[in-house]
Every structure is written in structure tokens, then in C-alpha cells.
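Computed over heavy atoms, backbone and side chain alike; hydrogens, waters and symmetry mates excluded. Note on naming: letters A, B, ... go to the chains in the order of the sequence lines (proteins, then strands), and numbering restarts at 1 for each one.
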There are 2 protein chains.
Amino acid sequence: MNLNTVSPAPEPAQVATRTQILEAAGEVFASVGFRDATVREICARAGVNIAAVNYHFGDKETLYLEVLRYSAAQAHAQYPPLLNVSPAAPAEERLRAFLHSWLLRTFSRGATAWHGQLISREMVDPTGALDEIVRDKILPMSQQLRGIVGEILGRPPGDEQVRLCTLSIVGQCVFYHHCRPVLTRLFPQQPPLDTLGTERLADHITRFSLAAMRHLTDPATT
Amino acid sequence: MNLNTVSPAPEPAQVATRTQILEAAGEVFASVGFRDATVREICARAGVNIAAVNYHFGDKETLYLEVLRYSAAQAHAQYPPLLNVSPAAPAEERLRAFLHSWLLRTFSRGATAWHGQLISREMVDPTGALDEIVRDKILPMSQQLRGIVGEILGRPPGDEQVRLCTLSIVGQCVFYHHCRPVLTRLFPQQPPLDTLGTERLADHITRFSLAAMRHLTDPATT
DNA sequence: AGATGATTCAAACAACTGTTTGACAAGTCA
DNA sequence: TGACTTGTCAAACAGTTGTTTGAATCATCT
């Protein structure tokens with residue numbers, strides 16, 4: 001069992017309350033975290049009995065794990081790493097697509113929106129689920145981005161420069177999502193990131209990072 | 001009352017258990033978060049009675065706020081924003097000092113180490129204390145960095161380019177701290193960031209960001 | 001129809017939480 | 001000394017939590 005295989009896939013009869021619980025739990029876990037989320041609140045929102053969670057998922061913790069798998073599958077299905085850009089496209093173009101897809105995924109509203117929140121929480125306060133997430137989702141994306149960066153820098157993917165630059169790029173993306181509560185307080189006049197905003201933001205990060213990588217080894221740089 | 005004034009400063013008689021609680025609470029809050037931290041655990045670690053928290057701080061929540069103020073004061077006293085670099089130094093040098101100080105502050109061990117953890121948690125899952133933190137600590141540092149970036153870019157601090165670049169720089173710093181659990185899983189062979197590591201990392205972020213800002217508007221950039 | 005198994009439900013359970021209580025000790029000032 | 005404040009302590013309180021229980025309902029198949 002891993003994050004790439006959506007769990008058992010039960011018969012249509014039981015699927016109703018099961019997914020209702022998954023959706024409700026996604027909302028609640030994302031907004032208040034695992035510990036502050038109560039089974040009662042989840043069940044109330046799902047319109048099912050309190051005992052349903054334990055009946056269908058065993059306990060609260062495995063429900064949380066299932067929600068993580070469920071949201072991961074949805075998010076990555078809706079926004080694949082390179083969007084609609086060909087893997088044969090120039091590295092610069094793939095970089096822009098990668099970043100835009102990332103921002104869309106983490107900033108999307110609705111069902112896939114939990115995913116970003118859940119992952120953020122998982123990073124600062126890991127549960128047992130983080131190992132699975134890193135193995136099945138983050139590591140592959142990390143390797144993909146390192147390939148792109150390696151092409152741009154003209155160095156092998158295992159190179160230390162490539163690794164550092166990759167992290168500098170990802171860091172910018174993660175930051176906007178993790179620190180949203182801070183950013184909205186720092187810039188109250190700034191509107192929240194909508195679809196148009198993510199495209200502009202992806203453009204800035206791409207240009208910033210490309211300029212950095214192209215001139216990182218300039219002799220002029222201190 | 002704000003984050004810059006360390007609370008009442010009681011007489012030496014009562015100060016003992018009070019600071020014992022603060023230190024113990026700092027450890028516990030930082031490692032498991034506000035909700036998962038129990039007053040019993042904190043008091044046990046501090047070697048005081050359970051009722052001591054309510055007697056000295058009123059309730060758990062104001063204890064948390066006091067811990068935040070306490071750790072903020074310690075962290076910023078130990079690592080001032082520009083370290084020992086003069087405010088009259090060149091912008092590039094101030095940028096490097098700012099980033100190095102930031103990394104030292106958030107990655108320091110011991111007493112000031114809680115601060116970074118607490119702030120990280122506060123960003124992903126804000127309590128009522130975040131407003132105070134942003135107002136007293138983050139906003140001034142943000143303005144300081146925007147001044148430096150503005151100088152480098154040759155634009156006013158309120159400029160949109162300056163704002164975006166500032167965030168791109170801070171994002172890289174925050175990322176390494178927020179996502180440490182992920183990074184240690186992605187690169188198990190990589191040693192944890194010690195004093196030597198933070199200097200090398202500050203150097204990379206400085207060079208990366210300087211190269212980016214100097215060539216952000218190059219016509220060659222896509 | 002009748003039996004079987006799956007699912008739902010209200011109610012209760014046991015454990016843990018932050019907080020309060022009232023007694024007790026220690027120091028302070030008249 | 002004696003009243004008074006301050007601090008500490010064990011014990012209990014009231015509320016919330018995840019989980020379990022056993023009966024009731026539903027669907028399915030012989």
C-alpha cells in the first residue's frame with residue numbers, strides 16, 4: 001500500500017458514507033490539524049453517525065492516512081508535474097510549467113486544496129505518514145526538478161550546485177504557501193492568490209531562478 | 001505589552017519557578033505544539049506543582065504567549081539582524097549578514113532553538129499570538145531586508161519588484177528550517193545543519209539571490 | 001419468506017484535559 | 001507575637017476526547 005494506490009475501492013453500496021467521511025475529514029484535518037480535529041465534528045459535517053469512523057476506518061489515525069492518500073491522488077491527478085508541457089520541451093519551459101503546476105496545486109480551492117494544507121502541517125509537525133509522502137510523492141518530484149536544473153546548469157543531477165539550486169527554487173514555492181498567514185498580515189492590501197496571481201508568481205520565480213542559475217558562477221559575483 | 005518588552009520581571013524570590021516553567025514550557029511547546037503540550041508534562045519537567053502554571057500565568061494560553069515573548073527576546077538578543085556588520089556597510093555585505101544571522105537564529109540549539117520551532121508552527125497554524133509576532137518582529141525585519149534589496153535593485157522599497165525579490169530571498173531561508181523533516185528524509189546522508197553548514201548555506205543563498213537580482217531584467221532572460 | 005451478513009444508530013465508557021479548591025508552609029511587616 | 005500576603009501542594013472537578021457496545025435497520029441471496 002502506498003500513496004499512489006487509492007485504497008481498497010469498496011463496492012458502490014458502502015462507498016457513499018465512506019467518501020462522505022473522507023471529504024469531511026479532509027476539510028477538518030486541513031483547517032485545524034490532526035489533533036484539534038474531532039471525530040464528532042467530522043461525522044457531523046459528513047452527516048453520519050459517530051461510530052461510522054471506527055467502523056469504516058478502524059480509528060482516527062488511519063482515517064487521517066486515508067485522507068492523505070485520497071487528497072494526494074486527487075491533487076496530482078488534477079495538476080500533473082509538467083501540466084501539458086512535453087517532457088521533450090526546453091528545460092526553461094519545463095521549469096516554468098513545473099513551478100506553475102506546483103503553485104496551482106498548492107493554492108487550488110475545493111477538494112484538492114486540503115492537500116497543500118495537510119502537507120504543510122506534515123512538514124512542520126510530522127506524523128508517521130511523512131515517510132510515505134516523501135517516498136511516493138516528494139522524492140519523484142525532487143528528482144524531476146533536479147533533472148531540469150541539471151540541464152540548465154549543465155551539470156549532473158547529483159552535483160552539489162544542482163542540489164542547492166533545486167532547493168532554492170522549491171523553497172520559494174513552498175514559502176508562499178506555508179507563510180500565507182504571515183503574508184496576509186504583512187500585506188493586508190494584497191489580494192489572495194487566485195488563478196491569475198499564481199501565473200504571475202510562477203513567472204517571477206522562474207525569471208528570478210533562471211537569472212540566478214545563469215549567472216551564479218559569474219566572476220563579478222562576490 | 002508587546003514582544004519587545006519582556007514581561008513584568010518579578011522579584012528574585014518568585015522568579016525561580018516562573019522561569020523554570022518558561023524554560024520547560026518552551027521545550028514542550030516547541031516539540032509537540034500548543035495543543036499536544038499538557039500542563040502536567042510541563043510542570044513535571046519544571047519540577048513544580050500542576051497548579052503553578054495557573055497561579056503564575058493565569059492559564060495555558062497566556063503561558064504560551066509569555067514563552068513566545070521570552071524566546072523571541074533571547075533569540076534576537078543573541079543574533080541581531082545584521083550580526084556585527086555596520087549599517088553603513090555595502091548592501092551586498094549586509095545581505096549576507098542578514099541571511100547568516102537568520103539561519104543562525106533559526107537553527108541554533110538550546111534555549112533560542114525553541115523560537116524557530118514555535119514561529120514555524122505559528123505560521124502554519126496561527127494562534128492569536130501571530131499578530132503580535134508579525135507586528136513586533138517580522139515586519140521590522142521585512143522592512144530592513146526590503147531596504148537592502150531596494151538598494152541592490154536601485155528601486156524604492158515600495159516597488160513591486162523589490163517586494164517579490166525580498167520574498168524570494170526570505171523564502172529560501174524559511175524553507176530550510178520549515179522543511180527540515182522532509183530534507184532529512186530526502187538526503188539521509190546529509191549531516192544536520194551545524195554552525196559550519198549555516199555559513200555555507202548563507203553563502204549559497206546570498207550568491208544565488210545576488211546573481212538573480214543583478215540579471216533579473218536582462219533581455220536574454222525569457 | 002426467511003436467514004444471513006453488512007451497516008447504522010443512540011448511548012455509554014474510560015481516559016485525559018485544563019482548571020479550581022482549600023489546606024498548609026513560609027516569609028513580611030505591624 | 002499575630003495578622004497578612006505569597007507561594008506550594010495533593011486532591012478533586014467538570015468538560016471533552018476517541019472508542020465501544022448492543023440493539024435496530026437494511027440489503028442480498030437461497
Greater than 12 external heavy atoms within 6.0 Å of B:Glu61's CD:
no
Length of the OH-P vector between A:Tyr55 and C:dG5, whole Å
13 Å
Excluding sequence neighbours, so at least two apart, what forms side-chain contact (heavy atoms from CB on, under 4.5 Å) with B:Ser31?
none
C:dA6 phosphate, OP1 or OP2: any side-chain N/O from A:His56 under 4.0 angstrom?
no
Ring pair (Phe, Tyr, Trp, His ring centres under 6.0 Å) involving B:Phe107 - partner list, sequence neighbours excluded
B:His177
Starting at the 5' end of nucleotides 13-27 of chain C, put B wherever the base has a protein heavy atom under 4.0 Å, S where only the sugar-phosphate does, and a dash everywhere else.
----BBBBB------
Which pairs of donor and acceptor atoms, one on a side chain in residues 73-82 of chain A, lie under 3.5 Å apart (sequence neighbours left out)?
| residue | atom | partner | partner atom | Å |
| --- | --- | --- | --- | --- |
| A:Gln74 | NE2 | A:Tyr70 | OH | 3.2 |
| A:Gln78 | OE1 | A:Thr112 | OG1 | 3.4 |

Rounded to whole Å, how long is the line connecting atom CD of B:Gln20 with atom C1' of D:dG7?
14 Å
Got a sec, which pairs hit ring-ring contact (aromatic ring centres under 6.0 Å, His included) with one end in residues 127-147 of chain B, sequence neighbours left out?
none
D:dG7 C1' sits how many Å from B:Ile21 CD1, rounded?
11 Å
Among all residues two or more places apart in sequence or in another chain, which pass the ring pair (Phe, Tyr, Trp, His ring centres under 6.0 Å) test with A:His204?
A:Phe208
